[in-house]
Amino acid sequence: MTPSSPPSEGPNQVPFQQPQPYPEQNGQNWPTQTLPPQQPKKNQSNILGLIALITAVIGFIFACIPGALIIGWILLPVAFILGLVSLFLQGKSKWMGITALILSIVGTVVGAVVFLVVVSTAFDESFGGGDTTVAGPSEGSDAGSEQNADKEVAPDEGSSEDGTRGNPYPIGSTIENDEWRVVVNSVTPDATDAVLSENELNDPAADGSQYMLVNYSTTYLGDNADGEIPAFVTVEYVTADGTTVNSFDNVVVVPDAIDTLSTLYTDGTATGNAAFEVPTDTADQGVLAITPGILGDKAFVAVK
């Protein structure tokens, strides 16, 4: 047999072509296609960080407003937590969360400072402030003006400075600051009979003690529209040995008692008596400690 010959080309037939060998068959490698370098993915927007940032900004603003501090104190911790969580989200932008953390911390510090300033101002306005000044008894006053020169006091209390235990101001002196004015009008060292006759339920003084009546006036000088109560003014008796006696140590019905619980407005005055149970032997050797308001400076007044 003779090898078959390629079919003859007809008018409708495609010319026969021999198949081409693969490149490997000729010792060649397939051409490799080079892919473009893959671009790193950009960080996507961080919604949680954005919320934290907005919350921190609003909280910071409220923390600077005295009347809205509580709102700032609520929002700032929330912003801190949200900002911290946003930093752990993969593939998310971090700058907003970091900014929120910084703002929340700084805002908390600022809020604390504002709070301290507000409290300090309110405390000073409510309880009195300013330097305490003392003026001597007015001319023609019946109040005693001579001090007890040989009064027994503790060795470390002797002093030539006016208004100390060793050198108290005389009865009738005016003690005042920006908020209060206090004047001791009179002192009755032995007022036991007057106190006991005021009310039959009053207990007698303890052995070796007697009741002392101190009549004083307190005037409100501040400008608080709501007024203040005279209870912020304190009058105490200090014994010769340095023990403090308060008028409420022994509760008794006092004749013409001063009203320290009714509100006084600017230039309003309350006058009356306070009773103290003092040692009988050294009643006139003690002094009165006057404090015009909680923040006022204490001054000492003689009892005769």
Problem set entry | Side-chain donor-acceptor contact under 3.5 Å, Asn185 with Ser217 | yes
Exercise. Where is the tightest heavy-atom contact between Ser93 and Asn46, given as atom of each residue plus distance?
Worked result: O-ND2, 3.0 Å
Exercise. Are any non-hydrogen side-chain atoms of Leu87 and Ile98 less than 4.5 angstrom apart?
Worked result: yes
Problem set entry | Pro168 versus Val287, closest heavy-atom pair with distance | CG-CG1, 3.9 Å
For this session: Report the residues that fulfil ring pair (Phe, Tyr, Trp, His ring centres under 6.0 Å) with Phe115, sequence neighbours left out, ordered by chain and then residue number.
Result: Trp73
Problem set entry | Residues Val183, Thr219; criterion side chain to side chain contact (heavy atoms under 4.5 Å, CB included); working and verdict | CA-CA 9 Å; Val183 178; Thr219 302; over 6 Å; no
Seminar exercise, completed: Taking every heavy atom of Ser262 against every heavy atom of Pro230, the minimum-distance pair comes out as O-CD, 3.1 Å
Problem set entry | Hydrophobic cluster membership, Phe80 vs Leu48, 4.5 Å side-chain cutoff | no
Seminar exercise, completed: Residue set satisfying side-chain contact (heavy atoms from CB on, under 4.5 Å) with Ala289, at least two apart, ordered chain then number -> Glu236, Val238, Lys298, Phe300
Problem set entry | Contact check, side chains of Leu221 and Asp178, non-hydrogen atoms, under 4.5 Å | no
For this session: Output, in order, the C-alpha distance, side-chain angles, deciding distance and verdict of side chain to side chain contact (heavy atoms under 4.5 Å, CB included) for Asp297 and Asn177.
Result: CA-CA 9 Å; Asp297 297 324; Asn177 57 13; over 6 Å; no
Seminar exercise, completed: Leu84 and Leu101 have their tightest heavy-atom pair at N-CD2, 3.7 Å
Problem set entry | Beyond-backbone contact of Tyr237 with Thr244, side-chain heavy atoms, under 4.5 angstrom | no
For this session: Taking Glu176 for its side chain and Val134 for its backbone only, find out whether a donor-acceptor pair lies under 3.5 Å.
Result: no
Exercise. If only atom types and distance count, is the side chain of Arg165 paired as donor or acceptor with the main-chain N or O of Ala240 below 3.5 Å?
Worked result: yes
Problem set entry | Main-chain N/O of Ser104 paired to Thr108 side chain as donor or acceptor, under 3.5 Å | yes
Exercise. Should Leu288 and Val187 count as side-chain neighbours, where that means a heavy-atom distance under 4.5 Å?
Worked result: yes
For this session: Measure across Ser247 and Phe276 and return the closest heavy-atom pair with its distance rounded to 0.1 Å.
Result: N-CE2, 3.5 Å
For this session: Check whether any side-chain heavy atom of Ile258 lies under 4.5 Å from a side-chain heavy atom of Thr218, and answer yes or no.
Result: yes
For this session: Answer yes if Val57 and Val85 sit in the same cluster of Ile, Leu, Val, Met, Phe, Trp and Tyr residues linked by side chain heavy atoms under 4.5 Å apart, and no otherwise.
Result: no
Exercise. Is the side chain of Asn246 donor-acceptor paired with the backbone N or O of Phe248 at a distance under 3.5 Å, no angle test?
Worked result: no
Seminar exercise, completed: Hits for salt bridge (Lys or Arg N to Asp or Glu O under 4.0 Å) against Glu198, two or more places apart or cross-chain, chain-then-number order -> none
Exercise. Can you name the closest pair of heavy atoms from Val182 and Pro292 and give their distance?
Worked result: CG2-CB, 4.3 Å
Exercise. Do Lys94 side-chain atoms and Leu89 backbone N/O form a donor-acceptor pair below 3.5 Å?
Worked result: yes
Exercise. For the rings on Trp180 and Tyr220, is their centre-to-centre separation under 6.0 Å?
Worked result: yes
Exercise. If you round to the nearest 0.5 Å, how far is CD1 of Ile229 from CG of Asp259?
Worked result: 9.5 Å
Seminar exercise, completed: One should read off an interatomic distance between Leu82 CG and Leu50 CG, to the nearest 0.5 angstrom, of 11.0 Å
For this session: Kindly indicate, with the supporting measurements, whether the criterion side chain to side chain contact (heavy atoms under 4.5 Å, CB included) is fulfilled by Val110 and Cys64.
Result: CA-CA 7 Å; Val110 172; Cys64 298; 3.6 Å; yes
For this session: Please lay out, stage by stage, how Val114 and Leu69 fare under the test side chain to side chain contact (heavy atoms under 4.5 Å, CB included).
Result: CA-CA 8 Å; Val114 173; Leu69 284 172; 3.9 Å; yes
Exercise. Can you tell me how far the CD1 atom of Ile81 sits from the OG1 atom of Thr55, to the nearest 0.5 Å?
Worked result: 11.0 Å
Exercise. Going only through I, L, V, M, F, W and Y residues with side-chain contacts under 4.5 Å, is there a path from Val78 to Ile47?
Worked result: yes
Problem set entry | Thr271 and Thr269, any side-chain heavy atoms less than 4.5 Å apart | yes
Exercise. Between Asn202 (side chain) and Val252 (backbone), is there a donor-acceptor pair under 3.5 Å?
Worked result: no
Problem set entry | Validation row: Val301, Pro170 side chains within 4.5 angstrom (heavy atoms) | no
Problem set entry | Thr266 side chain vs Gly222 backbone, donor-acceptor pair below 3.5 Å | yes
Exercise. At what distance, to the nearest 0.5 angstrom, does CD1 of Ile175 lie from OG1 of Thr133?
Worked result: 9.5 Å
Exercise. Would you say Thr291 and Val233 make side-chain contact, with heavy atoms under 4.5 Å?
Worked result: no
Seminar exercise, completed: Interatomic distance, OG@Ser86 vs NZ@Lys92, rounded to 0.5 Å, equals 11.0 Å
For this session: State whether the side chain of Ser197 and the backbone N or O of Ala194 hold a donor-acceptor pair below 3.5 Å, judged by distance alone.
Result: yes
Exercise. Is it the case that more than 12 heavy atoms not belonging to Asn199 sit under 6.0 Å from its CG atom?
Worked result: yes
Exercise. Do you reckon Ile102 sits in the same ILVMFWY cluster as Phe62, going by side-chain contacts under 4.5 Å, direct or chained?
Worked result: yes
For this session: Check the hydrophobic clustering (I, L, V, M, F, W, Y; side-chain heavy atoms under 4.5 Å; chains of links allowed) and say if Val245 and Met212 are grouped together.
Result: yes
Exercise. Once you round to the nearest 0.5 Å, how far does CD1 of Ile54 lie from CG of Leu75?
Worked result: 12.0 Å
Problem set entry | Distance-only polar pair, side chains of Asp190 and Thr192, donor-acceptor under 3.5 Å | yes
Exercise. When you measure from the side chain of Asn215 to the backbone N and O of Ser186, does any donor-acceptor pair fall under 3.5 Å?
Worked result: no
Exercise. Can any side-chain N or O of Thr99 pair as donor or acceptor with the backbone N or O of Trp95 at less than 3.5 Å?
Worked result: yes
Problem set entry | Donor-acceptor side-chain pairing of Asn167 and Thr164 below 3.5 angstrom | no
